[in-house]
Amino acid sequence: MLTIERTGPAAVPPDAAEITVPMRDGVLLAADLYRTGDRAPAPVVLVRLPYDKDGAYCFMPDIARRFRARGYTVVVQDVRGKFRSQGATEFAVHEVDDGHDTIDWITRQPWCDGDVLMWGDSYYGYTAIAAAMSGHPALRAIAPRVTGSQLSTALDHGDGTGDVEQTSRKFYFATHYVDADRYEWEPDWSRRPLTAAFEAFFDRLGRRSTTFDDEFGGDPRFAPPGLKTLLASPPVPALYTIGWFDNCAVWSWNDVRALSRDPGWAPHLYLRLEAIDHENHWLGDAPLAPGDDHATDPGARERLLPRYVDPAIAFFDAALGRAGDLAALPRVRYEVCHGAWHESDAWPPAHASDLEYHLSAGGAVPRLAAEPDPEPRPLRWVCDPSDPVPSPGANPFAALADRADLSAVAERPDVLRFTGPAAERDTDLVGTATVHLPLRAGAGATVHARLLDTAPDGGAVLIARGQLRLDVPFDGEPVVVDLLEVAYRLRAGHRLALDLMGGDYPDYVPEGRGNDPWTAPAGPPTARETMVGGPSGARLRIGRRQPEELRRPGTRAAPGAPE
């Protein structure tokens, strides 16, 4: 039987004053105000979130107190339609205007000195970016974490390919964007069409999600404004924090790559790159022990807070001239997985890797080789959407909670694994990771790639992954599967491996019959083929970006939706 757990608003903490903020259309948004001890006007850190300003999930009272202890007044607000705030529950529709109106209201309060800054994770990092799009002059800096301006959308690359949609988009609409409360439940991902599990949920709940239903209307409006809107906005100092194991990192890097090329934004962009997943679990704690889970253990949460909040405090202090110098801050601070922290002037750094591995089929097993096979030959693999390759781990947002062993995946007939030689010494892999494939496959086919660390005992864990959706047929033309960016120490004796496959489910939507895999039954098995060997054969690159990898980012909300 389907179990649904409903969560409403938690109690307002005694050290916070609940306030209401009017929007331009008269809707009132609920917020908590945390004032500094001297009660004097101060700069305000604003956080706008859909997860309950007082709830345990985001522990905002603890975060607000840490900002307050450093001299900041804090406003934590439920976004429109969520928990105690009025208005319709609509994903991404109002955040630009509501962010502007909230900032404008704050600057007219006696406890604000005129400066506002915004911080937040995921959707409440997106609201900071949306407020920057509004161009309000009082917004002095933003520090968005594990998020991006196109959060949850399927990006179109503009070359006949695009990203494969993450199933978490529609699942999110059926958990956080049904109404003001939150609903926790587990879909039966074995059902087809994919919407069947969601229809069972809505039937059991007795209400529906407007945002979810709009996805199937042909012209979905519940999508963030395009990246061009951010690029056209007045730049503000922005500290993007990105997790190496974050399933939302694709949207972070989509922003960062574009902003770093924009002459207006580039001087204001700062990066912090951490060995974390979306839930802020750290690689050094993986797999997670109960005492290291900040979601359930107060001690772990207390240990998390300095790493979680203090970099933003230092950034805001420098942006306001309160302490430190913004110009003196490193433009990039990055953590090498299993290694140390480093600083650089740009990403990728000047000392990025310059590695190229050729996909080879010349031996007994497929290999990652330093030189290509002398004679080109085709390699073929088949994807059966009725039996897709399983996704790593139980929860895509908490990839480091279990740190799944992927060694057995190579035994599947629909997976091609290419394994490199054992590292003779510790080797840092730093830069952009891409797989270049001359590809033959039909429209609607998907290509998934995973970069793996294979230990001497045979265990294999994920370093990075990427995926590609073909909107048109390809007949041997080259495609680039973007594995995003890496900073990973391949320890002595370990081997690099690359998996090619046609699915990654349930994290990513599988192929279906027709144009919409959500409403169609599973499609028939389909083949795809790449060429290995010769001067133009398939290869893996890790290092500085090449011209063919610098594609213009798209803004398509989902397959079939307009830009």
Side-chain angles (χ1 to χ4, degrees), residues 4-9 23 25 27 29 48-52 57 77-99 120-127 129-130 133 147-155 163 165-187 193-226 229 247-248 251 278 396-397 506 508-509 516-519 555-563:
I4 303 171
E5 182 178 340
R6 179 176 183 170
T7 303
M23 300 295 101
D25 59 357
V27 168
L29 305 188
R48 306 187 60 251
L49 77 169
Y51 306 120
D52 186 13
Y57 175 53
Q77 183 185 69
D78 290 332
V79 298
R80 180 184 294 244
K82 292 303 299 178
F83 293 93
R84 289 183 170 91
S85 286
Q86 298 176 356
T89 307
E90 297 177 328
F91 177 89
V93 174
H94 304 280
E95 306 309 355
V96 174
D97 289 345
D98 287 355
D121 270 20
S122 194
Y123 193 95
Y124 52 115
Y126 162 68
T127 60
I129 298 170
M133 292 181 187
T147 193
S149 68
Q150 305 305 293
L151 185 65
S152 93
T153 64
L155 302 173
D163 287 348
E165 182 187 0
Q166 295 190 25
T167 57
S168 59
R169 174 178 172 85
K170 291 180 176 61
F171 185 44
Y172 184 88
F173 296 159
T175 51
H176 295 285
Y177 270 80
V178 176
D179 56 27
D181 295 335
R182 181 173 77 248
Y183 298 91
E184 296 180 39
W185 60 288
E186 290 295 328
L194 297 185
T195 51
F198 292 83
E199 292 303 323
F201 164 72
F202 292 132
D203 288 346
R204 179 74 184 277
L205 187 65
R207 63 178 65 87
R208 301 188 64 84
S209 163
T210 301
T211 308
F212 181 92
D213 288 343
D214 187 76
E215 290 282 285
F216 305 98
D219 187 17
R221 68 187 185 98
F222 297 108
T229 305
N247 62 318
C248 296
W251 299 297
H278 194 74
F397 294 96
Y508 292 87
V509 174
D516 191 346
W518 282 94
T519 57
T555 58
R556 187 157 60 181
E563 291 190 27

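Between atom OG1 of residue T153 and atom CD of residue E165 there is a gap of 10.0 Å, rounded to the nearest 0.5 Å. For the atom pair D203 CG and L205 CG, the distance stands at 10.0 Å (nearest 0.5 Å). One finds the CD atom of E184 at 8.5 Å from the OG1 atom of T175 (value rounded to the nearest 0.5 Å). Summarising the geometry, atom OG belonging to S152 is positioned 8.5 Å from atom CD belonging to Q166; distances are rounded to the nearest 0.5 Å.
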Report the C-alpha separation of Y51 and H176 in whole Å, then their side-chain angles, then the decisive distance to 0.1 Å, and conclude whether the side chain to side chain contact (heavy atoms under 4.5 Å, CB included) test is met. CA-CA 8 Å; Y51 306 120; H176 295 285; 3.6 Å; yes

Could you go step by step and tell me if D52 and R182 meet the salt bridge (Lys or Arg N to Asp or Glu O under 4.0 Å) rule? CA-CA 9 Å; D52 186 13; R182 181 173 77 248; over 6 Å; no

Could you please spell out the steps behind the side chain to side chain contact (heavy atoms under 4.5 Å, CB included) verdict for L155 and W251? CA-CA 9 Å; L155 302 173; W251 299 297; 4.3 Å; yes

Going through the distances and angles, do R48 and T127 end up as a side chain to side chain donor-acceptor pair (under 3.5 Å)? CA-CA 6 Å; R48 306 187 60 251; T127 60; 4.8 Å; no

Before giving the answer on salt bridge (Lys or Arg N to Asp or Glu O under 4.0 Å), spell out for R6 and D181 the whole-Å C-alpha distance, their side-chain angles and the decisive distance to 0.1 Å. CA-CA 7 Å; R6 179 176 183 170; D181 295 335; 2.7 Å; yes

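Take Y508 and apply the ring-ring contact (aromatic ring centres under 6.0 Å, His included) test, not counting sequence neighbours, and it matches H448. With sequence neighbours left out, the ring-ring contact (aromatic ring centres under 6.0 Å, His included) criterion links W185 to F171, F198, F201.
Cation-pi geometry between K170 and Y177 is not met at under 6.0 angstrom from the ring centre and within 45 degrees of the axis.
You'll find the side chain of D214 stays beyond 4.5 Å of the side chain of E90, heavy atoms only. Residues I129 and T147 form a side-chain contact, since some pair of their non-hydrogen atoms from C-beta on lies under 4.5 Å apart. Contact check for V79 versus F83: no side-chain heavy atoms found under the 4.5 Å cut-off. Proximity of R80 to S85: side-chain heavy atoms (C-beta onward) are nowhere separated by under 4.5 Å. Side-chain contact between F397 and C248: present, with at least one pair of heavy atoms (C-beta onward) separated by less than 4.5 Å. Side chains of P224 and T229 form no contact here, defined as non-hydrogen atoms less than 4.5 Å apart. With contacts defined as side-chain heavy-atom distances shorter than 4.5 Å, the pair T167/W518 qualifies. Side-chain contact between L29 and M23 is present, with heavy atoms from C-beta onward closer than 4.5 Å.
If you run side-chain contact (heavy atoms from CB on, under 4.5 Å) between P225 and each of M133, Q150, E95, only M133 comes through.
K82 contributes no side-chain N or O that, together with a main-chain N or O of T89, makes up a donor-acceptor pair within less than 3.5 Å. A donor-acceptor pair under 3.5 Å is formed between the side chain of S209 and the backbone N or O of F173.
Minimum interatomic distance between L151 and F91 (heavy atoms only, all atoms of both residues): O-CZ, 4.0 Å.
Aromatic ring orientation, Y172 versus Y123: parallel (interplanar angle below 30°, classes split at 30° and 60°).
Counted within 6.0 Å of CD on E186, heavy atoms from surrounding residues, nucleotides or ligands total 12 or fewer; the atom is thus considered open.
A centroid separation of 6.0 Å or more is found between the aromatic rings of F212 and F222.
Using a 4.0 Å cut-off between charged side-chain N and carboxylate O, R208 and D213 make a salt bridge.
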